[in-house]
Structure formats: C-alpha cells, structure tokens
Amino acid sequence: MSARPVCPVEETAVAPAPDWWQSAVIYEVYPRSFADGDGDGVGDLAGLIARLPYIAALGVDGIWMTPFQPSPQVDQGYDVTDYCDVDPLFGTMEQFESLLSKAHALGLRILLDVVPNHCSSEHPLFQAAVAAGPGSPERDMFHFVTGPVDMTDDDDAGSASGAASGGSIDSANDVPPNNWQSVFGGRAWSRATPGSATDTDWYLHLFSAGQPDWNWRNPAVGDYFDGVLRFWFDKGVDGLRIDVAHALFKADGLPDSPSTGGVVDGLRSNPQVSDQEDVHEVYRRWRTLAEKYEPHRLLVGEVNLEPARAARYTRADEMQQAFAFAFVKLGWDAEAWAAVGNELEAARQLHGAAPTWALENHDIVRSVTRFGGGELGSVRARAALVALLGLPGAAYIYQGQELVLPEVDVPVEARVDPMWARGGVCRDGARVPLPWTDDATMNHGFSLAGTAAEPWLPVPSGWGTHSVERQEQDPQSALNLTKTALELRRQLWKNEIFTANDGGSWRVEPGHLLICERNEHFLVAVAMGAEPVQLPAGTVLLSAVPLAEEGRLQPNNAVWVLRG
Ligand code: BGC
C-alpha cells in the first residue's frame, strides 16, 4: 500500500461547494450487533456511544443506524410500534440525544432508518384498525380486503393475532384477495380475525405477518409520516435512510401479479407493488420538508431497482441518494462491473445524481464470501472496498466490512431471521456481533459491562482473528487500509481531484483489468483476471495490497491512479 502526496491541479473556474453528502462515506451501524453497553448480549445505544471514537477514527462522515425504535423485534426492528421513541432493549431517548450530540461533536452525522412501507402488527393504529372492524376508517390506514372464509380449514396461523411471531402457515383452501407473495416467502395476506364469521377481512403484508403495509392512498398516512420526519429532524438528526422506498404504493384495486411464477421474491417480481408512479410524490414532499431545515436533511433510499428506474428517485426534487443495488448482485467479473457501471453512469447523466455505492449491508451476504470466501475472498473484498471508495459518488460501508468479516454460517437452531423462517434464505450470517478483541471473553469485547450474557447470535470460533484489536496492530490490515483510503479520499476532495461533477467511464482492458476513469486526473483499476496485468500509466496513490512487481498489477489487487 502506498499513499503519496497528491499533485495539485491547475485552478479553473470556481465551482459551488458540493453539499456534504456528495463526497460522504457513511458507516452503517446495525445497533444490536455493534457494541453491547449493558452486557445483555444485544448491542445498544450505550455500546454505540462508547465506540463512537472508533467510528470517528475510521474517517467516515456519518453513521446510518438501522431501527432502534420500539418493536416486538419480529424483523429485528423493521416492525415498528412507535416511530418516535427508543426501544428499552436499546436504551432511552436521553441516550439517543446524548449519542447525537457526541457524534456531532466528533464530526459525525447521524442518519436514521425510517420504515414507511409497513409497521408492526402491534402498532396502536393497526391494533385500532383490527378492533374497529371491517369497513371502518381505521382499517383504511392499511390494506384490509374482505374475502370469503373457507370453513373446512381454520389452520391459518398467519393472522393479526398470531403475527407477533412473524410466522404464517398458509392454508391452501383459504384463498386470499390476490396472488401476491411476501418478500420473505409465502403469501402476502393474513386474516385480521382468524375463524371469525363476521370479520372476514384479510390484511396485506409484503414482509412477515407481523408487518402490515400502510395504505399510502389514504392521505392520513402521509400526514402521519410528516410528523415522524419532523420529530427526528427537529431533534437534529441529519438524514434518513428510507426502507423499501419503491414499494409504498400498490396498484389501484390490488390486481393479481402476472409474474409470481413460484419466485420467492414478492417485490421485484411483482409490478403491482414495485415502483408505482405515485410514490414519487412522497419523496417530493419529503424533500421539501427536508429542505425546510438548515442544514438540509439527507434522504437516501433503499430503491432496489435496475439503475435507470432507481435513478428516477434521485431527480432534483426527490431524494438526494439511492443505493446502487445493481452492484451488490455482481460476482468477481470485470465485464459485469463495467456494464453495470456504465448503466449507472448513463442514469446519472439523465437524472443528475451520482451513484451511491454500497457493497454490503445487513441484508446481503458479506462480500468476502460472495467473492469466493477464505483468503481469496478476503483479498478480493479489500480490493472491492478500495475500488468502491475511489468511485464517483458517495459510499456506504457496513460495520465489519472494514475488517473484511466473512459471512457466518449461523447454526440452524440459532437462526432468528423471519426470512429464514418463511422463505429459507437467512440474513443472520451478516449480522453476527463484531469482534473487538482477540480474546473471547466478554464476547470478544462486544459486551462492555462487567458481565456478558450470550450474544443474540453466536459468534464462530476463531472470530477473534478478525478483531479490531488485532487489526489495529497490523499496518497491513484491512482496517488500516480502510483508514488510509478514507484519509486519501478526503485529500483528493480537498485538492479537487475529486469533484461532484465526476462521472465514471468504465471499460475492461486485456486480462480482465477493470478500469473506471473518474475524470481526466484519476482512475480506479481492479485486476479481476487470473494473470498479472499491465498497470495503467500514472502514479499509484493506493493499492489494496502492496504492489509485487513494478508496472504490473497482480490478480485481485486494486489501485487508485493519478493519471500522468
Ligand atoms: C430491510 C430489511 C427488512 C425489510 C423489511 C429491508 O429493506 O433492510 O432488513 O427486513 O426491509 O422492513
């Protein structure tokens, strides 16, 4: 790894200063797995406060925190009962306020997760809707649809009353209002009051039965969420990550989906719930609200669509950012990266917003494992991280990515993900508590109090070999590489080698050498083939692993090049 001083470039016309988020790198914290302040085996706000200096020392610009609001935790907090409070499992509102001010004092912005597609079946408004009965205005806040009851089978465990477990046992004889599938597997409908002859309503849940979908065609839902946004923005929260942002509106009349075809992907493969045009009005309204605050608040969307459709959510009056999901689906394949990179660039040129890069999050198999696992996977994951941080646009790093943590094969009996329970896919392997110390005591330093209960997900043996403690002592570690890359990135922005107008021009050179030319001064190169390749001309500012040969780039290494 080499970090050399950056050559100054000639001054041209003075461009307006970019907004902070255009150059930002945000660190995603999954609070229950980050640090456990009270020793109960579940990460919390006290743990995060204690570990803020670690995040600040990485050199990132902010933190995105996944949900910590009150919730029965059917989907680890993505099933919210009160959008404007803190679940006692994670701490108190006073602790959140202290976290916010401490983070700000360290120069870190705080983004929260807002979950507007659905709430918990224990949310008071959903409970009121169930109690108020069919046809009531309370039920119009959600998607309740009447359907005949099949009296031959009363085995429907997927219901509002049984939803706390998030489970659903579909009764083949009981036919729901349409053929929509839940993203987590199984049908997307459960009975409001199972077995009742008078309440024959079903309710819609694109995820588990414990997560009823809001009816965004009812203006009261929009008003309710305005209040949620204001609550957090008034507190000084810097922005929001918007969960399942492209699915809030369902096609009028809730028609059958033409494309379920046995695919256990209730969202992307269902055009009746994905990317309905009306949803853009929500983000226009939210952008206006976000810009009533100084500094303007940031909106970043989980818009899991192909680049051209996703980019429409970042038009000038909608969100500022949407994750470049197309990238997380790619293997170690230069041609595929270049093709998707150019698609994202075409979308940027059309709609103006640079891609927002992310290779990992709490829902995705860790990149070490996706890129081949073991030593090979971890070398590639380092290279991918270096590449990511040099690309034009903002970037998000998921906790543990800086340690190149692999996906963990969580023992079946310890798995808690509702997606696993309903559909067979398990996301727990990317959510195992972080290893802070080499030594296994106190759950490898995850638990900070005097005693430590078993962590909510078991850590595998040898977890300490990836620990922060060990990597801090190793100059060649992924952790130190991440810090170096972030520091250099900051200098490049400062020296205007990186600018907000940069766009990626992607190509593949012989030997599967992936190149992304960021601008006339700078390019990223990743050797994705099996043989060493010719290094592009220029000065190597950074490499994922030390260069082994003058003028050549070894397989699975990545470099930042200041072009000659
Ligand atoms: C979140 C998942 C969650 C789902 C339902 C996703 O986008 O990232 O963790 O299960 O939304 O809220």
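Just so we're clear, the structure is a prediction, and the values are computed from it rather than from any experiment. Counting convention: from 1, in listed order, for ligands and their atoms alike.
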> Under 6.0 Å between the ring centres of F231 and Y83?
Replying inline: no
> For atom 3 (C) of ligand 1, which protein heavy atom lies nearest, and how many Å away is it?
Replying inline: D75 OD2, 3.2 Å
> Just going by heavy-atom distances, which of N117, D243, D363 is nearest to atom 9 (O) of ligand 1?
Replying inline: D363
>> Show the atoms of ligand 1 that are less than 4.0 angstrom away from any heavy atom in R427.
In response: 2 (C), 3 (C), 9 (O), 10 (O)
> Salt bridge check: are R241 and D243 linked by an N-O gap of less than 4.0 Å?
Replying inline: yes
>> I need the atoms of ligand 1 closer than 4.0 Å to a non-hydrogen atom of V244, numbered in the order shown.
In response: 11 (O)
> Between the main-chain N or O of A245 and the side-chain N or O of Y283, is there a donor-acceptor pair closer than 3.5 Å?
Replying inline: yes
>> Would Q76 count as a contact residue for ligand 1, given that I'm defining contact as a non-hydrogen atom of the residue lying under 4.0 Å from a ligand atom?
In response: no
> Are any non-hydrogen side-chain atoms of L112 and I110 less than 4.5 angstrom apart?
Replying inline: yes
>> Assess, by modelled atom type and distance only, whether the side chains of D79 and S71 contain a donor and an acceptor separated by less than 3.5 Å.
In response: yes
>> More than 12 heavy atoms of other residues, nucleotides or ligands under 6.0 Å from CD of E97: yes or no?
In response: yes
> Are W64 and F323 near enough that their ring centres are under 6.0 Å apart?
Replying inline: yes
> How does H362 reach ligand 1, by side chain, by backbone, by both or by neither, if only non-hydrogen atoms under 4.0 Å count?
Replying inline: side chain
>> Heavy atoms only, cut-off 4.0 Å: how does F184 contact ligand 1, side chain, backbone, both, or neither?
In response: side chain
>> Taking a cutoff of less than 4.0 Å between a non-hydrogen atom of the residue and any ligand atom, is H118 in contact with ligand 1?
In response: yes
> Hey, which atoms in ligand 1 end up nearer than 4.0 Å to a heavy atom of R431?
Replying inline: 9 (O)
